[in-house]
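In what follows, a structure is listed as structure tokens, so that the remarks can point back to it.
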Amino acid sequence: MRLSQMLFVTLRDDPADAEIPSHKLLLRAGYIRRIGSGVYAYLPLMWRVLQKVSQIVREEMNATGAQECLLPQLQPANLWKESGRWDTYTKAEGIMFSLIDRRDQQLGLGPTHEEVITTIARDMIRSYRQLPLHLYQIQTKFRDEIRPRFGLMRGREFIMKDGYSFHVDEASLKKTYQDMYQAYSNMLRRSGLAFRAVEADSGAIGGSGSTEFMVLAEAGEDEVLYTEDGKYAANVEKAVSLPADIEPSRFTTYEKRDTPGTETIETVCQLLKCSPTQVVKNVLYQTVYNNGMTVLVLVNIRGDQEVNEVKLQNELTKLAPLYGATTIINLSVPNSEAQQTWTAKSLPLGYIAPDIADEYIIANKQIHPKFLRLVDQTAVDLKNFVTGANETGYHVVGANWGEQFKLPERVVDVRKARPGDRAVHNPEQLLQSARGIEAGHIFQLGTKYSQAMGATYTNEQGEEKPLVMGCFGVGVSRLAQAAVEQSYDKDGIIWPVAIAPYHAIVTIPNINDAQQVEIAQKLYTQLNQAGIETLLDDRDERAGVKFKDADLIGIPYRIVTGRAIANGKVEVVERATRKSQEIAIDELTTTLKQWVEEAIGMGHRA
């Protein structure tokens, strides 16, 4: 492609609304154009990158025996109501674009396709002889993000590969899950990315186990905790660890203490000269279930620990049937305005005890009359601990479970693992932190959707059984931007060779020099014929402008038909290393072809 004929506009300055380097660079280099909040046009250079990523994904998926299809973006709401996720996606998370058509039918624009594919399986799979089956698509998805940001990282429209597998049992699912683990590792490796596979929370997708594939980058929205020995890595939402040892309590008898102005753990510990490991912290949450019921939740946790709200939400979702519901619409720490809707009298905030009375709650049809009481494992073994006294300005010391306070029946793990914690698999290993961009996520769904939607098969014994399912997603457009976030410098993008829009760019420093133009056009033709995807910068611009643009758009190799042609050579600059060398014109095509094949082949071999 000749740049003089291409839709090619670069920007000198960073766009005002771009926050992270990759977003700024893709806009400046003319790869994407903002059309609306969270909505972008993929311009010619970007579309080539996306096609290359898609092809790598497609090759790895096909190699596992998965079959490509294309599913509708517009999905009937009744399918999502069958699975029980309509309220989750339209109210709780609120990420589905929903609409009503001219026939008053509710529809949604698909953020994911579990319901659609389960409907197809329900209609078409009858026998165990048809299993296992794995279907996938590369499709545009939609999410009504509250705050679209970071360009293609968190947009409202994006390209994704999502695949769904169907099995007779968990053993078959786990085999496909392992195949996908390897396939996803191959995809990222072939794309030239540094990544880490981590244990993850399944979120609204559901299922028993899941793994995220994180592209390592400082601007990553996710925090990954890992150990140096490589035996543990998890998203912070899912991570587990061993908490610090409990310091023995200095209190031996139970008594109430005057502790004015000590609403925080830090201030009460300073006043009482005790360790936060000796404190039972009581954290109040308000959760709203999808049947409208509000439940007040009191979590007892050790004073030096924080509540992991993802883990807490998972625990509360499991308890939804107790309140006649199926899922959570909202989980929050109630502010003063929210408290006014359910408190019968003013709460002793900062001084709440584990036994705060249910009489603080105004009972009605929308508010459950009792606190749901949960105790984190870190607080269970505390002896002679410090906690609130249910009276503003007072704490109690020397308290014990089973004596002054009843231990809640529901013991949970809702603490947040942190960098520096000891690892569960080896206490000598300490958790370290890294930032990551989620590029892929694989799930073991089990029978969550097949049971809800009646998707069954007949086994060898003639029995009807629910299909066992897996779900596997790769963010194609997100992966492309993640590559930029991982690899750039002050001058622009540094694309991995395998997914760069072009392998090489031939730059003519002086368009009025007939010899420079002739050699450049000859090399441009030869390189493309040899399978080296090459741009020709034949614009009537100053050499400096052309060199800056070549750096900005990040093409791996720049060939300059400058002064060296007098010696039968051209200058070749490698974008990643800035290494420059002169190569004989007659040897250029062979040399460059070898470099490109080696760079792409490294991802295959790794």
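- Looking only at side-chain heavy atoms (C-beta outward), His167 and Ser165 come within less than 4.5 Å of each other.
- Considering every non-hydrogen atom in both Pro148 and Ser37, the closest pair reads CG-OG, 3.4 Å.
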For residues 333-340, dump all side-chain donor-acceptor pairs below 3.5 Å to protein atoms at least two apart in sequence or in another chain.
{"residue": "Asn335", "atom": "OD1", "partner": "Glu337", "partner atom": "N", "Å": "3.2"}
{"residue": "Asn335", "atom": "OD1", "partner": "Ala338", "partner atom": "N", "Å": "2.8"}
{"residue": "Gln339", "atom": "NE2", "partner": "Pro334", "partner atom": "O", "Å": "2.9"}

Derivation and outcome, salt bridge (charged side-chain N to carboxylate O under 4.0 Å, His left out), residues Glu255 and Arg257: CA-CA 6 Å; Glu255 57 182 287; Arg257 294 279 185 94; 3.1 Å; yes
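- Salt bridge Arg85/Glu115: present, at least one basic N to carboxylate O contact under 4.0 Å.
- Partner Val297 forms a side chain to side chain contact (heavy atoms under 4.5 Å, CB included) with one of Leu331, Leu319, Leu284, Thr287 and no other, that one being Thr287.
- Using a 4.0 Å cut-off between charged side-chain N and carboxylate O, Glu145 and Arg154 make a salt bridge.
- In terms of heavy-atom proximity, Tyr351 sits nearest to Thr392 at CD1-CA, 3.7 Å.
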Worked verdict on Asn235 versus Val224 for side chain to side chain contact (heavy atoms under 4.5 Å, CB included): CA-CA 5 Å; Asn235 190 309; Val224 175; 5.8 Å; no
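- By the 30° and 60° cut-offs, the orientation of the rings of Phe195 relative to Phe213 is tilted.
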Dump the intermediate steps for salt bridge (charged side-chain N to carboxylate O under 4.0 Å, His left out) on Glu391 and Lys256, then the final yes or no. CA-CA 10 Å; Glu391 184 179 346; Lys256 182 175 171 183; 2.4 Å; yes
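- Here Tyr164 and His134 keep their ring centres 6.0 angstrom or further from each other.
- Under the 3.5 Å distance criterion, with hydrogens and angles disregarded, no donor-acceptor pair is assigned to the side chains of Arg418 and Ser433.
- Residues Asn330 and Ser332 meet the side-chain proximity criterion, which asks for heavy atoms closer than 4.5 Å.
- Counting heavy atoms from C-beta on, the side chains of Val386 and Leu272 come closer than 4.5 Å.
- Within the 6.0 Å centre-distance limit, the rings of Phe385 and Trp401 are counted as a close aromatic pair.
- Residue Tyr177 holds its OH atom at 5.5 Å from OG of Ser210, rounded to the nearest 0.5 Å.
- Of all non-hydrogen atoms in Arg410 and Arg373, the two that sit nearest each other are CB-O, 4.1 Å.
- Atom-to-atom distance recorded for Phe150:CZ and Arg478:CZ is 10.0 Å, nearest 0.5 angstrom.
- The shortest side-chain heavy-atom distance between Thr267 and Thr264 falls under the 4.5 Å cut-off.
- For the pair Pro369 and Asn364, the minimum side-chain heavy-atom distance is 4.5 Å or more.
- Shown here is Gln432, whose CD atom has more than 12 heavy atoms of other residues, nucleotides or ligands within 6.0 Å.
- Between the side chains of Tyr289 and Thr294, no donor N or O sits under 3.5 Å from an acceptor N or O.
- Checked by atom type, the side-chain pair Tyr285/Glu309 shows a donor-acceptor distance below 3.5 Å.
- Of all heavy-atom pairs between Asn400 and Lys383, the closest is OD1-CA, 3.3 Å.
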Mind running side chain to side chain contact (heavy atoms under 4.5 Å, CB included) on Thr259 and Leu271 for me, showing each step along the way? CA-CA 7 Å; Thr259 55; Leu271 181 66; 3.7 Å; yes
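- With a 6.0 Å radius and a threshold of 12 heavy atoms from other residues, nucleotides or ligands, Glu266 has its CD atom at or below the threshold.
- Summarising the geometry of Asn282 relative to Ile352, their closest heavy-atom pair is ND2-O, 2.7 Å, with the distance given to 0.1 Å.
- Salt bridge status for Asp376 with Arg302: absent, with no side-chain N to carboxylate O gap under 4.0 Å.
- A salt bridge does not link Lys24 with Glu19: every distance from a Lys NZ or Arg NE/NH1/NH2 to an Asp or Glu carboxylate oxygen is 4.0 Å or more.
- With hydrogens and angles disregarded, a donor-acceptor distance shorter than 3.5 Å links the side chain of Gln486 to the backbone of Leu216.
- Contact check for Thr447 versus Leu467: no side-chain heavy atoms found under the 4.5 Å cut-off.
- The OG1 atom of Thr118 sits 9.5 Å away from the CD atom of Glu82 when rounded to the nearest 0.5 Å.
- Counting non-hydrogen atoms of other residues, nucleotides and ligands closer than 6.0 Å to NZ of Lys345 gives a total above 12.
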The test is side chain to side chain contact (heavy atoms under 4.5 Å, CB included); show your working for Leu407 and Val380 and say whether it passes. CA-CA 8 Å; Leu407 183 71; Val380 171; 4.3 Å; yes
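- Taking all atoms of both residues into account, the shortest heavy-atom contact from Ile117 to Met469 is CG2-CE, 4.3 Å.
- Under the 4.5 Å side-chain criterion, counting only non-hydrogen atoms from C-beta, Lys281 is not in contact with Asn300.
- Applying the ring pair (Phe, Tyr, Trp, His ring centres under 6.0 Å) criterion to His23, with sequence neighbours excluded, gives Tyr40.
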Side chain to side chain contact (heavy atoms under 4.5 Å, CB included) evaluation trace for Val397 with Tyr254: CA-CA 6 Å; Val397 301; Tyr254 176 76; over 6 Å; no
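- Using bins of under 30°, 30° to 60° and over 60° for the plane-to-plane angle, the ring pair Phe443/His441 lands in the parallel bin.
- The backbone N or O of Thr327 sits nowhere less than 3.5 Å from a side-chain atom of Thr317 that would complete a donor-acceptor pair.
- Judged purely by atom type and a 3.5 angstrom limit, Ser172 has no side-chain atom pairing as donor or acceptor with the backbone of Asp169.
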Let's go through Arg435 and Asp222 carefully: what are the C-alpha distance in whole Å and the side-chain angles of both, what is the deciding distance for salt bridge (charged side-chain N to carboxylate O under 4.0 Å, His left out) to 0.1 Å, and is it a yes or a no? CA-CA 6 Å; Arg435 304 301 301 181; Asp222 292 284; over 6 Å; no
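- Both the sub-6.0 Å distance and the 45° axial angle are not jointly satisfied by Lys141 relative to the ring of Phe158.
- For Lys81, the NZ atom sits in a packed shell: over 12 heavy atoms of surrounding residues, nucleotides or ligands are nearer than 6.0 Å.
- Other residues, nucleotides and ligands contribute more than 12 heavy atoms inside 6.0 Å of the CD atom of Glu403.
- Under the 6.0 Å distance and 45° angle rule, Arg196 counts as a cation-pi partner of Tyr226.
- Side chains of Lys416 and Lys311 form no contact here, defined as non-hydrogen atoms less than 4.5 Å apart.
- Considering only residues two or more places apart in sequence or on other chains, Ile329 meets the side-chain contact (heavy atoms from CB on, under 4.5 Å) condition with Lys91, Ala92, Asn290.
- A donor-acceptor contact closer than 3.5 angstrom is absent between the side chains of Trp342 and Gln366.
- Looking at Glu60 and Asn186, their side chains do bring a donor and an acceptor atom within 3.5 Å of each other.
- A salt bridge links Arg422 to Asp245: one of the charged nitrogens lies within less than 4.0 Å of a carboxylate oxygen.
- Between Lys448 and Glu114, no side-chain nitrogen of the basic residue sits less than 4.0 Å from a carboxylate oxygen of the acidic one, so the salt-bridge criterion is not met.
- Ion pair Asp421/Arg415 flagged as a salt bridge, since at least one NZ, NE, NH1 or NH2 atom sits closer than 4.0 Å to an Asp/Glu carboxylate oxygen.
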